[in-house]
Participant: 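What follows is a single structure, and I will ask about it in a moment.
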Amino acid sequence: MSRFTSRLLTWYRDNKRDLPWRGHPDSYAVWISEIMLQQTRVETVIPYFEKWMKRFPTVEALADASEQDVLNLWEGLGYYSRARNLQKAAKIIVEQYNGKLPRNLDALRKLPGIGRYTAGAIASMAFGLDEPALDGNIRRVLARVFDVNVPADSPTGEKVLWGLAAKHLPNGEAGDYNQALMDLGATICLPKNPRCLICPVMKLCKARELGIQDQRPVVRPKKKTPHYVHAAAVIVRRIANSPHVLLAKRPSKGLLGGMWEFPNARVNGDPAKELTQAIQTATRLKVREKEALGTVEHAYSHFSVTVHPFRCQLVSMSENQNLKWVRVEKLEDYPMGRIDRQIARQLI
DNA sequence: TAAGCGTGGCT
DNA sequence: TAGCCAAGCTT
């Protein structure tokens with residue numbers, strides 16, 4: 001075992017974080033937590049994980065649920081294909097693996113939503129297999145300690161970093177090793193202002209020795225995000241003596257796939273002036289503007305948007321399976337993105 | 001291969 | 001403040 005690994009594991013024994021899924025020895029809990037944690041902070045995940053394990057305690061429970069139930073629980077976590085893939089994988093696990101996650105890297109890797117990192121994490125943490133894992137934290141720690149001077153997200157950088165992760169992996173302790181690297185990255189080897197003075201591997205760290213911690217890992221320049229303006233129609237109607245609004249279901253793939261929203265369309269100029277035509281083109285709904293309801297701003301990963309919701313009167317609509325009248329009191333039952341949820345809350 | 005995919009906290 | 005960033009995967 002290298003000195004790096006030895007110091008890392010010693011530090012981990014005394015400093016590992018107490019996390020809900022670490023109290024669950026079963027592979028199902030490890031799987032769910034790993035998917036939720038993709039690109040998502042631990043503090044954000046914890047309440048979702050607790051709720052999930054109560055609602056879907058087993059692979060079978062998840063496989064039997066409807067996609068809408070799953071998306072509803074996932075609402076607010078983001079990257080919704082993760083939720084849809086979890087359910088697809090659960091069905092495969094029930095049908096092909098007798099309800100148990102396969103204890104083998106290649107079979108795990110083939111399940112929807114499980115890539116190289118997640119397969120390695122499950123294999124090592126849940127099954128004790130000697131497999132490395134490389135996530136954002138581990139990438140940063142290794143890039144600094146071993147001074148990787150090529151972009152970490154380039155093909156060369158990936159190869160070097162996976163190689164380092166494997167090279168220092170201790171036989172029989174891969175689970176602790178992978179989690180130790182992640183905890184170190186999350187609590188000490190921070191992206192900004194790393195706490196080098198209390199780092200267990202400070203004396204072995206090449207970036208620290210050179211004073212270039214803030215230049216590792218090397219990152220490639222990112223593109224600026226464009227900004228868009230949308231107009232949305234809030235169409236209210238009384239049905240059976242209770243107010244309903246018209247919602248549209250988004251396509252199952254792409255942005256906010258399978259989520260519900262207020263009928264909307266992108267506009268180029270004045271949202272009020274373009275509202276009627278834009279909505280009709282996008283949804284085949286004919287509407288008449290009644291009242292502006294303020295604006296909602298949101299920044300996505302690759303663009304930002306300003307939405308102008310308008311209370312509208314419905315003039316006519318053609319048959320469309322993706323449209324549904326929903327009782328205002330029942331809006332919480334329909335999974336929505338952040339913007340539409342905010343508009344929905346204004347109606348209650 | 002590089003772009004697409006959410007959200008919220010931090011600086 | 002506006003951008004950066006976080007336990008990545010899919011196409």
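Residue numbering restarts at 1 for every chain, and letters A, B, ... go by the order of the sequence lines.
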Participant: Is the closest basic N to carboxylate O distance between A/Arg84 and A/Glu67 below 4.0 Å?
Facilitator: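 The answer is no: the pair does not qualify as a salt bridge.
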Participant: Regarding A/Arg140, tell me which of base, sugar-phosphate or nothing describes its non-hydrogen contacts under 4.0 Å with the strands shown.
Facilitator: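 The answer is sugar-phosphate, as A/Arg140 gets under 4.0 Å only of primed atoms, P, OP1 or OP2.
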Participant: With a non-hydrogen cut-off below 4.0 angstrom, is A/Leu190 in contact with a base, only sugar-phosphate, or nothing?
Facilitator: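 Since no nucleic acid heavy atom lies under 4.0 Å of A/Leu190, the category is nothing.
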Participant: Could you pick out which residue, A/Gly78 or A/Asn193, lies toward the 5' side of DNA chain B when each is mapped onto its nearest nucleotide?
Facilitator: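 By nearest-heavy-atom nucleotide position, the 5'-most residue is A/Gly78.
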Participant: How close or far is atom P of B/dA3 from atom CG of A/Asp153, stated in whole angstroms?
Facilitator: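 Interatomic distance, CG of A/Asp153 to P of B/dA3: 11 Å.
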Participant: Across the strands shown, which category fits A/Ala299 at heavy-atom distances under 4.0 angstrom: base, sugar-phosphate, nothing?
Facilitator: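 The residue A/Ala299 makes base contact.
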Participant: More than 12 non-hydrogen atoms from neighbouring residues, nucleotides or ligands closer than 6.0 Å to NZ on A/Lys100, yes or no?
Facilitator: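 Count not over threshold, so no.
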Participant: What interatomic distance, in whole Å, is found between P of C/dA6 and the corresponding atom of B/dT1?
Facilitator: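 After rounding to an integer number of Å, I get 23 Å for this pair.
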Participant: Are A/Tyr48 and A/Trp52 close enough that their ring centres sit under 6.0 Å apart?
Facilitator: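 So the answer is no for these two rings.
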Participant: Need one value for A/Leu256: base, sugar-phosphate or nothing, where a base atom within 4.0 Å counts as base even if backbone is also close, heavy atoms only.
Facilitator: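 If one applies the 4.0 Å heavy-atom cut-off, A/Leu256 turns out to touch the sugar-phosphate alone, with no base involved.
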Participant: Does the side chain of A/Lys222 get closer than 4.0 angstrom to OP1 or OP2 of C/dC5 through an N or O atom?
Facilitator: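 So the side chain of A/Lys222 is within the cut-off, an N or O lying under 4.0 Å from OP1 or OP2 of C/dC5.
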Participant: Could you pick out which residue, A/Leu111 or A/Val219, lies toward the 5' side of DNA chain C when each is mapped onto its nearest nucleotide?
Facilitator: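 By nearest-heavy-atom nucleotide position, the 5'-most residue is A/Val219.
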Participant: Answer yes or no: does a side-chain N or O of A/Tyr80 lie under 4.0 Å from OP1 or OP2 of B/dT7?
Facilitator: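 Answer is yes, contact under 4.0 Å.
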Participant: Charged N to carboxylate O below 4.0 Å: is that the case for A/Asp153 and A/Arg139?
Facilitator: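 Salt bridge absent between A/Asp153 and A/Arg139.
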Participant: Determine the contact category for A/Thr225: base if any of its heavy atoms lies under 4.0 Å from a base atom, sugar-phosphate if only primed atoms, P, OP1 or OP2 are that close, otherwise nothing.
Facilitator: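 If one applies the 4.0 Å heavy-atom cut-off, A/Thr225 turns out to touch nothing in the nucleic acid.
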Participant: When the P atoms of C/dC4 and B/dA3 are compared, how many Å lie between them, rounded to an integer?
Facilitator: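 That atom pair is separated by 16 Å.
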Participant: Taking for each residue the nucleotide of DNA chain B with the nearest heavy atom, is it A/Gln38 or A/Arg220 whose nucleotide lies nearer the 5' end?
Facilitator: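 The 5'-side residue here is A/Arg220.
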Participant: Side chain of A/Tyr117 only, please: which of B/dG6, C/dC9, C/dA6 is the nearest?
Facilitator: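 Closest of the options to the side chain of A/Tyr117: C/dC9.
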Participant: Would you check if A/Ile279 and A/Phe310 make a side-chain contact, meaning some heavy-atom pair closer than 4.5 Å?
Facilitator: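 No - every pair of side-chain heavy atoms lies 4.5 Å or more apart.
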Participant: Could you tell me how far B/dG8 sits from C/dC9 if I compare only their P atoms? Round to whole Å.
Facilitator: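 After rounding to an integer number of Å, I get 23 Å for this pair.
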Participant: Which comes earlier along DNA chain C counting from the 5' end, the contact point of A/Met182 or that of A/Lys253, where each point is its nearest nucleotide?
Facilitator: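 The 5'-side residue here is A/Met182.
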Participant: Please state how far atom CG in A/Leu77 lies from atom P in B/dG9, giving the value in whole angstrom units.
Facilitator: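 About 13 Å, once rounded to whole Å.
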Participant: Determine yes or no for a side-chain-to-main-chain donor-acceptor pair under 3.5 angstrom, with A/Ser33 supplying the side chain and A/Ala29 the backbone.
Facilitator: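 It does hold such a pair.
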Participant: Checking all strands, does A/Ile35 fall into the base, sugar-phosphate, or nothing category for heavy-atom contacts under 4.0 angstrom?
Facilitator: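 Nothing: the residue A/Ile35, judged by heavy atoms under 4.0 Å, touches no strand.
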Participant: For A/Thr40, which contact category applies under a 4.0 Å heavy-atom criterion: base, sugar-phosphate, or nothing?
Facilitator: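 Result for A/Thr40 = base.
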Participant: For A/Gly76, which contact category applies under a 4.0 Å heavy-atom criterion: base, sugar-phosphate, or nothing?
Facilitator: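 Sugar-phosphate, no base atom in range.
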Participant: Which part of the nucleic acid does A/Arg338 contact within heavy-atom distance under 4.0 Å: base, sugar-phosphate only, or nothing?
Facilitator: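 Answer is sugar-phosphate: A/Arg338 comes under 4.0 Å of backbone atoms only.
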Participant: Does A/Arg22 pair with A/Asp183 as a salt bridge, N-O distance under 4.0 Å?
Facilitator: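 Salt bridge: yes.
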Participant: Tell me whether the side-chain N/O atoms of A/Arg82 come closer than 4.0 Å to OP1 or OP2 in C/dT10.
Facilitator: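 False: A/Arg82 side-chain N/O out of range (4.0 Å or more) of C/dT10 OP1/OP2.
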Participant: Mind checking A/Trp74 for me? I need base, sugar-phosphate or nothing, with any heavy atom below 4.0 Å counting as a touch.
Facilitator: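 Contact class for A/Trp74: none.
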Participant: I need the CE-C1' distance between A/Met36 and B/dT7, as an integer number of Å.
Facilitator: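 Roughly 14 Å, once rounded to whole Å.
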Participant: In whole angstrom, what separates A/Tyr79's OH from B/dG4's C1'?
Facilitator: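 These atoms are roughly 8 Å apart.
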Participant: A/Met259 has an atom CE; how far is it from atom P of B/dC5, in whole Å?
Facilitator: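 Roughly 14 Å, once rounded to whole Å.
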Participant: Output yes when at least one side-chain N/O atom of A/His298 is less than 4.0 Å from OP1 or OP2 of B/dT7, else no.
Facilitator: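 Affirmative; the distance criterion is met.
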Participant: In whole Å, what is the span from the CG atom of A/Leu134 to the P atom of C/dC9?
Facilitator: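 One finds 10 Å between P of C/dC9 and CG of A/Leu134, rounded.
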Participant: For a quick test of reading the model: is some side-chain N or O of A/Thr118 closer than 4.0 Å to OP1 or OP2 of C/dC9?
Facilitator: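 For C/dC9, OP1/OP2 do have a side-chain N/O of A/Thr118 under 4.0 Å.
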Participant: Over how many whole Å does the gap from A/Lys192 atom NZ to C/dC4 atom C1' extend?
Facilitator: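 Atom NZ in A/Lys192 sits about 5 Å away from atom C1' in C/dC4.
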Participant: Write down the distance between NE2 (A/His302) and C1' (B/dC5), rounded to a whole number of angstrom.
Facilitator: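 Result: 6 Å.
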